[in-house]
Q: 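Provided herewith is a single structure, encoded as structure tokens, for subsequent inquiry.
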Number of protein chains: 2
Amino acid sequence: MLLSRTRTSIVDIARAAGVSKSTVSLVLQKSPLVSEATREKVNAHIKELGYIYNRGAANLRQSKSKIVGIVVNDLTNSFFAELAVGMDMVVQSAGYVQFLAHSGESVDRQREVIASMRENGIAGLILSPARGTEASDIKALVGGDIPVVVVVRNLPGAKVSTLLSDNYAGAKAAVRHLISLGHSRVAFMGGFQDTAVFGERLRGYRDALQDAGIAAEEKYTIHSAPSRAGGVVALERLMTIPERPTAALCLNDAVAFGVCDGLRAHGLEPGKSFAIIGFDDVIEAKTAVPALTTVSVDPQGMGQRAAQLLLKQINSGQRDQEAITTSVRLVVRQSCGAPVKQLEEMA
Amino acid sequence: MLLSRTRTSIVDIARAAGVSKSTVSLVLQKSPLVSEATREKVNAHIKELGYIYNRGAANLRQSKSKIVGIVVNDLTNSFFAELAVGMDMVVQSAGYVQFLAHSGESVDRQREVIASMRENGIAGLILSPARGTEASDIKALVGGDIPVVVVVRNLPGAKVSTLLSDNYAGAKAAVRHLISLGHSRVAFMGGFQDTAVFGERLRGYRDALQDAGIAAEEKYTIHSAPSRAGGVVALERLMTIPERPTAALCLNDAVAFGVCDGLRAHGLEPGKSFAIIGFDDVIEAKTAVPALTTVSVDPQGMGQRAAQLLLKQINSGQRDQEAITTSVRLVVRQSCGAPVKQLEEMA
DNA sequence: TGACCTTTTTGGAACGTTCCAATTATATAT
DNA sequence: ATATATAATTGGAACGTTCCAAAAAGGTCA
């Protein structure tokens, strides 16, 4: 708990170098006011005494900080881990540090950790909200005092900036591609219906079918946990329905992998017996066998943009909300790939 | 950058409640010295004015903090992400917050971020070192001022506490199991030889062979990046060698999955045509097809233990180093599973 | 030399808290 | 009522910085 017996401060250096603490402060700030000679002398003593700048004291004096808070709903999901890494990159390069915490989809935990971050003086917050977060929750936590950027999951009604991927367009493009390959019985697999992401992707899926004059069968939409295990479960469900689909758009890549697992367990070959498209383009997507056709979201790039947006707002002091949707693109690989004739035969 | 026009402080509350700032401070600390009546009065004003405790100011006064630093070499690797989540859990529950950063295996970045954390007043540090980190590096950064716990990767010579998994025993058990299934040509796949983890697991692999009276063939040790993509590459290499092995212990699960991918690309069936054992037991291991036999390390539990160890040292002020190795266990699933006779035929 | 300008340096107040010693209020015993 | 113990409250210094106004140190020029 003790930070040190009492760590060496600016006045220790001042005393050692025979100058005033103000001068040492100026040296630390690389002010041009101080003469070359004293600057060197002071720097020598700084090095010698192993001085460590106390940014907390400076923050107190200046009523500002170079700390941002990042709260992510699930760090064990590699999509969000990549997102966090992207943020980390730009935050670090800007000379800031981050409190980075994992809410584990718990709004309680999220509330606590945001409160704690605020007490510790963050200058801004990036939030990938836990499932079930209300717009009013964050208003209560950060009442417009600091800029907030909400990413990935929309929080309708919250007076904050948002950075979302274009879920609707991505899903639509994916399903259009499946249709162009000749599929007409296309499922939408995975996810819980209470999330905004699910809703947007489902809408894209439906509209693509409708545009092609295909009626969207209710039974072809199969809910499950948005995870690999959930994908396995969803596939089991799918196998039981009559007029079984020949292709599926999955809520995300994790579900898609689970569906692949499930197909194999049934002796079916993903990409040959059944066409699959994922969503997110996690790193494993391209090395998996078969390589996963998916909608690429570039989570790392998204994290970078989110952090840039936040830093911009911090530095400009501007608090007006900005809503950005980042474009996505369909990456065609093997999992959707076989000629459709063959698929029809096997179904 | 601005934390607020000037956020409401303890004296604002004091003024509003008609008491002294000292009293407000006592209320905040839940001191029994203050009477019930004034406590309620003060708390009411705290709520009304939307007061936010300034922990930075308190830290300054007390020369201590409730912040820990966590630096992880690669957050996009789900093993390390789980590790971080484990730490997050106990850190948060203890009322601390964490600076959590990703070094991306760069020692430069690692150095910078640790320096930055120190300036921001961390009370302790947990480090999963970037590849190539020297013991002297961390001595330079934290000269015994604060407790440090090094996890996962050993840093021989560093005067810090360490928490490592029992790589040697795990690898040995895995190979012993393969031998008991009848395999005699066993490969060790993946990883770079300059890391401590690689060395320890390799040693376990060799000793298990030796104990069984099998000579360890040099050519059966195949280096590659410790990733899924690396596993694919390693398998390609393996396919070219004469007297091809019938089984392999992989450096970690990521490599093992890559090897599975590679086998499939060659029309071979992991677990049937070739036995595979991974290391780490990441979440996907049990849902993959075939389910991966692996050495379970429980990264989340390890993260928890690491955080507990650090907090203990912070609170006790003790700085003597403690070296813990956490035990591991072999989890037998399908990927190593088929009867050996069949494997021999196919090889 | 003194007057003036420029370059460097410097005390001291302030940021929001804690903590100590000292003070004031309240209760209890005589 | 006074004395005394106990409970509750308080002012002010301190933590390590920054920043302002002001002072000191050098130069230049008449």
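Every chain is numbered from 1 and lettered A, B, ... according to where its sequence line falls, protein lines coming before strand lines. Atoms considered below: every heavy atom in the structure, side chains included; atoms not considered: hydrogens, waters and symmetry mates.
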Q: Would you tabulate the side-chain donor-acceptor contacts of residues 40-52 of chain A under 3.5 Å, counting partners in other chains and residues two or more places apart, or write 'none'?
A:
residue	atom	partner	partner atom	Å
N43(A)	ND2	R39(A)	O	3.4

Q: Applying side-chain contact (heavy atoms from CB on, under 4.5 Å), can you list everything that pairs with I138(A), at least two apart in sequence or on another chain?
A: L127(A), V150(A), L155(A), A158(A), V160(A)
Q: Under the salt bridge (Lys or Arg N to Asp or Glu O under 4.0 Å) rule, what pairs show up with a residue in residues 97-106 of chain A, not counting sequence neighbours?
A: E105(A)-R131(A), E105(A)-R153(A)
Q: How does protein reach along nucleotides 20-26 of chain D, written 5' to 3' as B (base within reach of a heavy atom under 4.0 Å), S (only sugar-phosphate), or - (no contact)?
A: -------
Q: In terms of side-chain heavy atoms of K21(A), which of dG12(C), dG16(C), dT10(C) is nearest?
A: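 Output: dG12(C).
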Q: Enumerate the residues from residues 24-47 of chain B whose closest heavy atom to DNA chain C is under 4.0 Å, giving them by residue number; use none for an empty result.
A: S25(B), Q29(B)
Q: Rounded to the nearest Å, what distance is computed from the CG atom of residue N59(A) to the C1' atom of nucleotide dA14(C)?
A: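 So the two atoms are 15 Å apart, to the nearest Å.
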Q: Which pairs, with at least one residue in residues 68-91 of chain B and sequence neighbours excluded, count as a salt bridge (Lys or Arg N to Asp or Glu O under 4.0 Å)?
A: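 Not a single pair qualifies under salt bridge (Lys or Arg N to Asp or Glu O under 4.0 Å).
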Q: List in chain and number order the residues that pass side-chain contact (heavy atoms from CB on, under 4.5 Å) with K159(B), two or more places apart in sequence or in another chain; answer none if no residue qualifies.
A: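 Here the qualifying residues are Q321(B).
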Q: Of the listed nucleotides (dA13(D), dC15(D), dT17(D)), which one gets closest to any side-chain atom of Y53(A)?
A: dT17(D)
Q: Could you check whether S35(B) and T38(B), counting side-chain N and O atoms only, form a donor-acceptor pair closer than 3.5 Å?
A: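 Checked: T38(B)/S35(B) side chains pair up, N/O donor to acceptor below 3.5 Å.
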Q: Take A57(A) and T23(B), find for each the nucleotide of DNA chain D with the closest heavy atom, and name the residue whose nucleotide sits nearer the 5' end.
A: T23(B)
Q: Sequence neighbours left out, what passes side-chain contact (heavy atoms from CB on, under 4.5 Å) with A57(A)? Give chain and number order.
A: N54(A), L60(B)
Q: Please state how far atom CG in L60(A) lies from atom P in dT17(C), giving the value in whole angstrom units.
A: 9 Å
Q: Does S63(A) put a side-chain nitrogen or oxygen below 4.0 Å from OP1 or OP2 of dC15(C)?
A: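 Negative; the distance criterion is not met.
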Q: Please report, rounded to the nearest Å, how far the C1' atom of dC15(D) is from the CG atom of N54(B).
A: 13 Å
Q: Heavy-atom contacts under 4.0 Å between residues 9-16 of chain B and DNA chain C, which residues?
A: S9(B), I10(B)
Q: Applying salt bridge (Lys or Arg N to Asp or Glu O under 4.0 Å), which residue pairs with at least one partner in residues 21-33 of chain B are found, sequence neighbours left out?
A: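 Checked against salt bridge (Lys or Arg N to Asp or Glu O under 4.0 Å) - neighbours excluded - no pair reaches residues 21-33 of chain B.
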Q: Which residues pass the side-chain contact (heavy atoms from CB on, under 4.5 Å) test with Q308(B), sequence neighbours left out?
A: V90(B), R305(B)
Q: Can you confirm whether the side chains of S22(B) and S25(B) place a donor and an acceptor under 3.5 Å from each other?
A: no
Q: Expressed in angstrom and rounded to an integer, what is the separation of Y51(A) atom OH from dG16(D) atom P?
A: 10 Å
Q: State which residues pass side-chain hydrogen bond (donor to acceptor under 3.5 Å, both in side chains) with K312(B); sequence neighbours excluded, sorted by chain then number.
A: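 Partners of K312(B) by the side-chain hydrogen bond (donor to acceptor under 3.5 Å, both in side chains) criterion, ordered by chain and then number, come out as E322(B).
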Q: When you measure from the side-chain N and O atoms of Q62(A) to the phosphate of dC19(D), is any distance below 4.0 Å, counting only OP1 and OP2?
A: yes
